[in-house]
Amino acid sequence: MNDVYILGGLRSHIGIRNGIYRHVPAEILGAHVLKQVAAKYKLDSIDYIIGGNGVGAGGNITRLMALEAGMDYSVPAFTVDMQCCSGLESIAAGADKIKSGGADLIIAGGFESSSTQPRRSYNPNHPDYRDDSYYSSAKFMPAVHRENIMLEGAELTALKENISKEEMDLWVLRSHELALKAREDNLLRDIIVSVNNSRKDEGIRPRMSRKLLDRMPKVLPNGKLITAANACLINDGAAFVVLCSEKYLQKRQLKPKAKIITSCACGVEPMLSPKGAVTALNKLLQQNNLQPNDIDVFEVNEAFAVIDVLFARSFADCTDRYNIFGGALAYGHPYGASGAIIMLHLLKALDLRGGRLGCATIAGAGGLGSSMLIERI
């Protein structure tokens, strides 16, 4: 089996829905970042381009994005839809191709545009057809199709695990405070590229406060816990990393950022999908005979503050190494891109802390989880 290395990567600024990228289709947004990644790392002989995407138009949108970026038409591309896990699973798929000897150089990550996502409707021949109305959220489990299903799942998880709004709100404050500090200190500047003159991640709120959190309305009818603050926003963004073999490194005399050790995925109860993050992380640690304190940095996609609380309860001694730049509650969660975004943040966090081992973990719609272990070089 061949070793797999990460040369580095880039992401866009993260926009809120109908914000800075409101007229930028997913394939164009992704193409801007893809093109700059290829230029920064002077890539040639690319074997595959793999992109995660959850709410795009389908039709292998990653191939369309690659062509929009001006990539040579001889380079194959394919799309991964594992919803929120798509970006990290795209990286895992690329790593597996290199491990098996099927490739030496792959660009992998994800891209998403909630601002321009298609309006979907059922065909009259489909048994779920009722009328000609549109829907935005896909069907994630049998016999259940509701627009708010992810919010319902977060609420149910919090109730079942006896998680209070006060517990979650502490993590909201932490996320925004750390994200704001990272921006003020330019800690992520060299991994972010401007698209259409974008200047900053739109979701970070400098004036986030306990008082503001107390005024936040519940997002579900008769909801008790989940608000617009302890659930992430709806976003647009793109991120890609460059994966390569040792053969590629030696031929070009390059030094990588990290080596991918392994990855795993898991399934959990679909209505308790936030639990997928910690479940996947536990599985990853067990597979590698590691203890939590062996890991120097954790990047976990905090789509909901429920996930933060679950992490803190499971890994109480590790919270100082958790999402040190803040997380998706501040930056946002452009579904297909988020796995690649947290991977880029993980690489930066390992550099900043001088750490060796890092984990990236994400929960996905439908009751899924994905996790990856890397070693800093």
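We use all heavy atoms of the structure for the numbers below, so side chains are in, but hydrogens, waters and symmetry mates are not.
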query: Just by distance, with hydrogens left out, do D236 and S115 show a side-chain donor and acceptor under 3.5 Å apart?
result: yes
- request: State, without any angle test, whether Q287 and T262 hold a side-chain donor-acceptor pair at a distance under 3.5 Å.
  value: no
Identify the two heavy atoms, one from [X] and one from [Y], that lie closest to each other, and give their separation to 0.1 Å.
| X | Y | answer |
| --- | --- | --- |
| E112 | V55 | OE2-N, 2.9 Å |
| G110 | A340 | N-CB, 4.2 Å |
| A277 | V300 | CB-CG1, 4.0 Å |
| A69 | K35 | O-CD, 3.5 Å |
| I107 | I46 | CD1-CD1, 3.8 Å |

task: Evaluate whether atom CD of Q291 has more than 12 neighbouring non-hydrogen atoms of other residues, nucleotides or ligands under 6.0 angstrom away.
output: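 Atom CD in Q291 is not packed in, count stays at 12 or less.
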task: Compute the centroid of each ring, for Y21 and then for H23, and state whether the two points are separated by less than 6.0 Å.
output: no
- request: Please assess I374 against L347 for the test side chain to side chain contact (heavy atoms under 4.5 Å, CB included), listing each intermediate value before the final yes or no.
  value: CA-CA 9 Å; I374 67 170; L347 292 168; 3.6 Å; yes
Could you check whether any side-chain N or O of [X] sits under 3.5 Å from a backbone N or O of [Y], counting only pairs where one atom can act as donor and the other as acceptor?
| X | Y | answer |
| --- | --- | --- |
| S175 | W171 | no |
| R22 | G19 | yes |
| N301 | G339 | no |
| R321 | I295 | yes |
| E155 | K224 | yes |
| Q83 | Y335 | no |
| H333 | A303 | no |
| T79 | T62 | yes |
| E302 | G327 | yes |
| T319 | A312 | no |

Does [X] belong to the same Ile/Leu/Val/Met/Phe/Trp/Tyr cluster as [Y], with side-chain heavy atoms less than 4.5 Å apart forming each link?
| X | Y | value |
| --- | --- | --- |
| I106 | Y248 | no |
| I362 | Y322 | no |
| I342 | L346 | yes |
| I6 | V80 | yes |
| M372 | L243 | yes |

query: With a 4.0 Å cut-off, would you call E269 and K160 a salt bridge?
result: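 Salt bridge flag = no for K160 with E269.
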- request: In plain terms, say whether D201 and R11 are close enough for a salt bridge, that is, a side-chain N and a carboxylate O under 4.0 Å apart.
  value: yes
field: Co-members of V172 in a cluster of I, L, V, M, F, W and Y side chains, linked at under 4.5 Å
entry: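 Noted: V172 shares its cluster with L173, M208, L212, L213, M216, L329.
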query: By the rule that ILVMFWY residues connect when side-chain heavy atoms come within less than 4.5 angstrom, directly or transitively, which residues belong alongside I16?
result: L233
Find out whether [X] and [Y] are in side-chain contact, i.e. whether some heavy atom of one side chain is under 4.5 Å from a heavy atom of the other.
| X | Y | answer |
| --- | --- | --- |
| P334 | I341 | yes |
| I204 | R183 | yes |
| M82 | L88 | no |
| H345 | I191 | yes |
| D104 | N2 | no |
| Y331 | I14 | yes |
| I226 | V306 | yes |
| L285 | P292 | yes |

message: Using the rule given for side chain to side chain contact (heavy atoms under 4.5 Å, CB included), can you reason through H32 versus V193, listing the C-alpha separation, both sets of side-chain angles and the distance that settles it, and then say yes or no?
response: CA-CA 9 Å; H32 276 286; V193 295; over 6 Å; no
message: Working note: L29 + F111, criterion side chain to side chain contact (heavy atoms under 4.5 Å, CB included); need CA distance, chi angles, decisive distance, verdict.
response: CA-CA 7 Å; L29 179 55; F111 56 109; 5.8 Å; no
Sequence neighbours excluded, which residues qualify as salt bridge (Lys or Arg N to Asp or Glu O under 4.0 Å) partners of [X]?
| X | value |
| --- | --- |
| D131 | none |
| D128 | K139 |
| R356 | E375 |
| D169 | K165 |

Mutual orientation of the aromatic rings belonging to H145 and Y135 [parallel < 30°, tilted 30-60°, perpendicular > 60°]: perpendicular
message: Parallel, tilted or perpendicular, judged at 30° and 60°: which one describes the rings of F311 and F315?
response: tilted
D44 vs R252, salt bridge (charged side-chain N to carboxylate O under 4.0 Å, His left out): CA-CA, chis, key distance, verdict: CA-CA 11 Å; D44 55 18; R252 290 158 181 80; 3.0 Å; yes
message: Looking at F325, I'd like to know if the NZ or CZ of K348 sits under 6.0 Å from its six-membered ring centre while staying within 45 degrees of the ring's axis.
response: no
message: Walk me through whether D47 and K97 qualify under side chain to side chain contact (heavy atoms under 4.5 Å, CB included).
response: CA-CA 10 Å; D47 292 308; K97 283 188 173 294; over 6 Å; no
message: For C264, run the side chain to side chain contact (heavy atoms under 4.5 Å, CB included) check against L284, L373, T361 and tell me which one passes.
response: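 Between C264 and the candidates, side chain to side chain contact (heavy atoms under 4.5 Å, CB included) is satisfied uniquely by L284.
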Rounded distance [0.5 Å steps], CD1 in I149 versus CZ in F140: 9.0 Å
